[in-house]
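Heads up: the structure comes next, in structure tokens.
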Amino acid sequence: ILAFEVSRRMGMAYTPYCHPVDVILNGEYKGCYQLCDQIEVAKGRVDITEMEPDDVSGDNLSGGYLIEIDAYAYTEKSMFTSSRGTPVTIKSPDDDEIVPAQSAYISDFFNAMESAVFADNFADAEVGYRKYLDLDSFLRLFLVGEFAGNTDTYWSVYMYKDRGSDKHYSGPVWDYDLAFDND
């Protein structure tokens, strides 16, 4: 909850609503948990264009996509491994709606971004990582993760790309159960 509040104060585009709840099961107290919104493409959440199965060419193919760099992506139906070995789950379009052209597009775009990060000219504003990655959202997410001491900051990271945009945006924050020295 504290990490989510830091995210809000950092001005992240979307931070899931959350509330602490005490869980009592069969009369036995099980602890205090965080109840929060699910991360999904929707108005008031990750507010990007929702893809349709026939969005397979031109500007329509360019978004919106919601992905997660995810250590457990290998267990998901809709995923890819980047050319540098990063496991990525495609969260939206949904597993039962994504078509091969969309999967190939977001995989290729992610690979282009990742290649630019590791290129010799990575700092070049025209061809380096800033061509593909929104630096402002990335730095906000990075600062929240570092402030919270979140060990999952780099293995459970959401990113999204909207239609007509030429960049990945980082966020929203998620998976802070190991933060604040809780690991």
Side-chain angles (χ1 to χ4, degrees), residues 7 12-14 39-41 45-146 148 150-176 178-179 183:
S7 171
M12 298 285 298
Y14 165 65
I39 293 178
E40 64 184 351
V41 173
R45 295 198 180 173
V46 180
D47 199 0
I48 60 174
T49 305
E50 193 153 354
M51 299 285 289
E52 299 293 334
D54 60 347
D55 292 333
V56 295
S57 63
D59 198 42
N60 287 359
L61 183 59
S62 71
Y65 298 95
L66 176 63
I67 61 173
E68 181 184 11
I69 297 171
D70 181 10
Y72 300 103
Y74 303 107
T75 65
E76 301 293 332
K77 180 179 175 185
S78 187
M79 65 83 61
F80 63 90
T81 302
S82 76
S83 55
R84 296 193 62 90
T86 304
V88 180
T89 302
I90 303 171
K91 298 291 193 176
S92 184
D94 293 331
D95 291 344
D96 58 346
E97 294 182 1
I98 193 166
V99 296
Q102 295 166 348
S103 184
Y105 176 88
I106 195 60
S107 174
D108 290 347
F109 194 87
F110 186 90
N111 280 320
M113 177 193 69
E114 195 176 56
S115 293
V117 167
F118 287 96
D120 289 338
N121 57 354
F122 70 94
D124 185 293
E126 298 297 317
V127 296
Y129 70 90
R130 287 176 284 182
K131 178 179 179 181
Y132 302 97
L133 179 65
D134 175 69
L135 188 56
D136 183 68
S137 65
F138 174 81
L139 290 174
R140 289 172 195 262
L141 186 74
F142 175 83
L143 288 171
V144 174
E146 288 296 306
N150 187 20
T151 57
D152 281 333
T153 293
Y154 309 105
W155 275 111
S156 184
V157 178
Y158 276 94
M159 301 178 88
Y160 56 92
K161 183 184 179 303
D162 203 2
R163 182 165 295 167
S165 172
D166 57 354
K167 296 181 189 263
H168 278 294
Y169 289 81
S170 301
V173 297
W174 189 254
D175 200 3
Y176 277 69
L178 298 179
D183 64 341

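When a residue number appears, it is its place in the shown sequence, counting from 1.
In this structure, K91 contributes its side chain and E68 its backbone to no donor-acceptor pair below 3.5 Å. No donor-acceptor pair under 3.5 Å is formed between the side chain of N121 and the backbone N or O of D124.
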Test log, rule ring-ring contact (aromatic ring centres under 6.0 Å, His included), inputs F138 and H168: CA-CA 9 Å; F138 174 81; H168 278 294; over 10 Å; no

task: Please assess M51 against I98 for the test side chain to side chain contact (heavy atoms under 4.5 Å, CB included), listing each intermediate value before the final yes or no.
output: CA-CA 8 Å; M51 299 285 289; I98 193 166; over 6 Å; no

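Other residues, nucleotides and ligands contribute over 12 non-hydrogen atoms within 6.0 Å of the CG atom of D54. A 6.0 Å sphere centred on OH of Y154 holds more than 12 heavy atoms belonging to other residues, nucleotides or ligands.
The two residues E126 and K131 make their nearest non-hydrogen contact at O-CD, 3.2 Å. Here the closest non-hydrogen pair linking G64 and P93 is O-CD, 4.3 Å. What you find for M159 and S170 is that their closest heavy atoms are CE-OG, 4.0 Å.
Sequence neighbours left out, the pairs with a member in residues 67-93 that pass ring pair (Phe, Tyr, Trp, His ring centres under 6.0 Å) are F80-F110.
Defined by atom type and a distance below 3.5 Å, a donor-acceptor pair is missing between the side-chain atoms of S92 and E50.
Taking the six-membered ring where the residue is Trp, Y169 and Y160 present parallel rings, their angle staying beneath 30° rather than reaching 60°.
Remark: of the listed residues D94, D95, I106, D95 is the sole one forming a side-chain contact (heavy atoms from CB on, under 4.5 Å) with S78.
Salt-bridge check for R84 with E114: failed, with every basic side-chain N at 4.0 Å or more from each acidic carboxylate O. A salt bridge links D55 to R163: at least one charged side-chain nitrogen sits closer than 4.0 Å to a carboxylate oxygen.
Taken to the nearest 0.5 Å, the CG atom of N150 stands 6.5 Å off from the CG atom of D175.
A search for ring pair (Phe, Tyr, Trp, His ring centres under 6.0 Å) contacts involving Y65 returns Y105, not counting sequence neighbours. When the side chain to side chain donor-acceptor pair (under 3.5 Å) test is applied to E76, no partner is found at least two apart in sequence or on another chain.
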